[in-house]
Amino acid sequence: MEGSGAGEGLEWRKATELNGSQKAAENPIIPSCCRKAMSALPEAEAKLHATVVSGWFSGHRCRSDKNDKPLYYNNPMWPGEAHSLMVEEILYEGKSNYQEILVFKSSMYGKVLVLDGIVQLTEKDECAYQEMIAHLPLCSILSPQNVLVIGGGDGGVLREICRHRSVKHIDICEIDELVINVCKIFFPALSIGFEDPRVQVHVGDAVDFLRNAREGMYDAIIVDSSDPIGPAQELVEKPFFQTIAKALRRGGVLCNQAESMWLHTHLIQNMLSICREVFNGSVHYAWTSVPTYPSGVIGFLLCSTDGPCVDFLNPVNPIERQEATVKHKRELKFYNSEVAKF
Ligand code: SPD
């Protein structure tokens with residue numbers, strides 16, 4: 001990897017350099033697990049992220065004690081459970097100003113990106129997430145032109161948005177430049193999204209970015225965030241949704257990563273009720289199957305602002321029309337107009 005063009009400040013370690021163990025709120029109606037997940041973790045606890053133990057990555061947080069024995073901690077987002085993946089090789093381990101970044105090669109799902117101990121994507125099942133979060137909103141409106149992506153530093157959502165020929169400009173606001181750089185090295189099939197000339201990258205805080213965005217500027221905003229612990233905490237709060245609604249044109253759409261209906265019912269209910277207050281058009285919840293995410297599913301909050309009515313279940317801008325005219329190097333693997341009706 002040395003001299004690979006990863007860029008300055010890319011802090012990384014080769015697998016050979018790793019030691020053995022590394023290789024290996026206040027609302028009473030919200031239960032404590034969700035309350036804890038919605039609030040920032042104590043600094044000491046937040047440092048205990050998942051590592052690889054005895055050749056397995058586990059989606060709970062873990063560190064080794066001084067005798068190299070693993071110590072396990074519940075992840076407050078999904079207490080009492082963990083999903084493990086067999087690790088063939090650790091490809092990258094680093095720490096940015098915001099989070100710990102891990103890339104490894106798994107035996108069954110290809111390469112895996114992990115942030116602060118939580119799986120963000122695997123090569124095998126990323127299509128189900130990126131295709132849905134991008135095409136559910138973009139296919140629900142006619143001729144989307146200006147799109148904003150919040151998060152999404154791996155580039156997969158950009159890759160999908162770029163299928164839409166009507167799109168003229170895509171802003172992406174990602175807080176962590178190291179995630180972008182690491183993905184450009186290890187996940188080229190996703191980071192290809194950054195190569196489209198319509199894409200403009202802004203490294204920074206999404207809340208600030210939106211505060212300064214021109215009113216009514218975007219046809220669609222896609223929030224591809226990590227879970228609401230750490231850097232993404234503010235992205236589930238009312239002021240954030242208010243700035244999104246303001247940045248959307250009339251009849252514009254939001255698609256927001258919205259966790260698992262099996263694990264985060266209260267968080268989802270909370271987000272839905274905020275969005276029903278903030279958005280005057282449609283508010284809808286959709287979901288997709290991603291086997292490497294906790295509980296195997298993840299949801300999306302779909303909202304539209306006041307203006308032309310948006311029916312998320314019946315796409316007026318079907319993806320099949322795009323695909324019929326321009327042949328993409330990469331075929332869609334998951335999304336189609338029928339899947340959108342679920
Ligand atoms: N619980 C994990 C949620 C991850 C959502 N973001 C994934 C980024 C893929 N572009």
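Note that the structure is predicted; figures quoted are calculated from it, not measured. Note that ligands are numbered from 1 as they come in the structure, with each ligand's atoms numbered from 1 the same way.
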Considering only the protein, which heavy-atom contact is closest to atom 8 (C) of ligand 1, and what is its distance?
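Going atom by atom, the protein heavy atom closest to atom 8 (C) of ligand 1 ends up being Asp224 OD1, 3.2 Å.
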Among all protein heavy atoms in this structure, tell me which lies nearest to atom 4 (C) of ligand 1, with the distance rounded to 0.1 Å.
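It is Gln120 OE1, 3.3 Å.
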Quick check: does any side chain N or O of Ser106 sit under 3.5 Å from a backbone N or O of Leu85, one acting as donor and the other as acceptor?
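Looks like no, no N/O pair under 3.5 Å.
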Salt-bridged, Glu88 to Lys105, with N to O below 4.0 Å?
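Yes.
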Given the ring of Phe104, does Lys111 sit roughly above its face, with NZ or CZ under 6.0 Å from the centre of the six-membered ring and within 45° of the axis?
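No - Lys111 does not lie over the ring of Phe104 by the 6.0 Å and 45° rule.
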Residues that Glu259 engages under salt bridge (charged side-chain N to carboxylate O under 4.0 Å, His left out), provided they are two or more places apart
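Applying salt bridge (charged side-chain N to carboxylate O under 4.0 Å, His left out) to Glu259 gives none.
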Look at the rings of Phe279 and Phe241 and say which category their plane angle falls in: under 30° parallel, 30 to 60° tilted, over 60° perpendicular.
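Ring orientation of Phe279 relative to Phe241: perpendicular.
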Quick check: does [X] get an N/O under 3.5 Å from an N/O on ligand 1?
X	value
Glu259	no
Ser225	yes
Gln130	yes
Asp154	yes

Filter on ring-ring contact (aromatic ring centres under 6.0 Å, His included), then keep only pairs touching residues 112-139, sequence neighbours left out; what's left?
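The answer is Tyr129-Tyr293, Tyr129-Phe300, His135-His164, His135-Tyr335.
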Go through ligand 1 atom by atom and flag the ones less than 4.0 Å from a non-hydrogen atom of Ile298.
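Near Ile298, the atoms of ligand 1 are 3 (C).
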Subset of ligand 1 atoms that lie under 4.0 Å from at least one heavy atom of Val119
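Counting atoms of ligand 1 from 1, those under 4.0 Å from Val119 are 2 (C).
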Pairwise side-chain contact, Val203 with Glu174, heavy-atom cut-off 4.5 Å (strictly under)
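Val203 does not reach Glu174 side chain to side chain.
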Heavy-atom distances under 4.0 Å are what count here, so tell me which part of Leu190 touches ligand 1: side chain, backbone, both or neither.
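Neither part.
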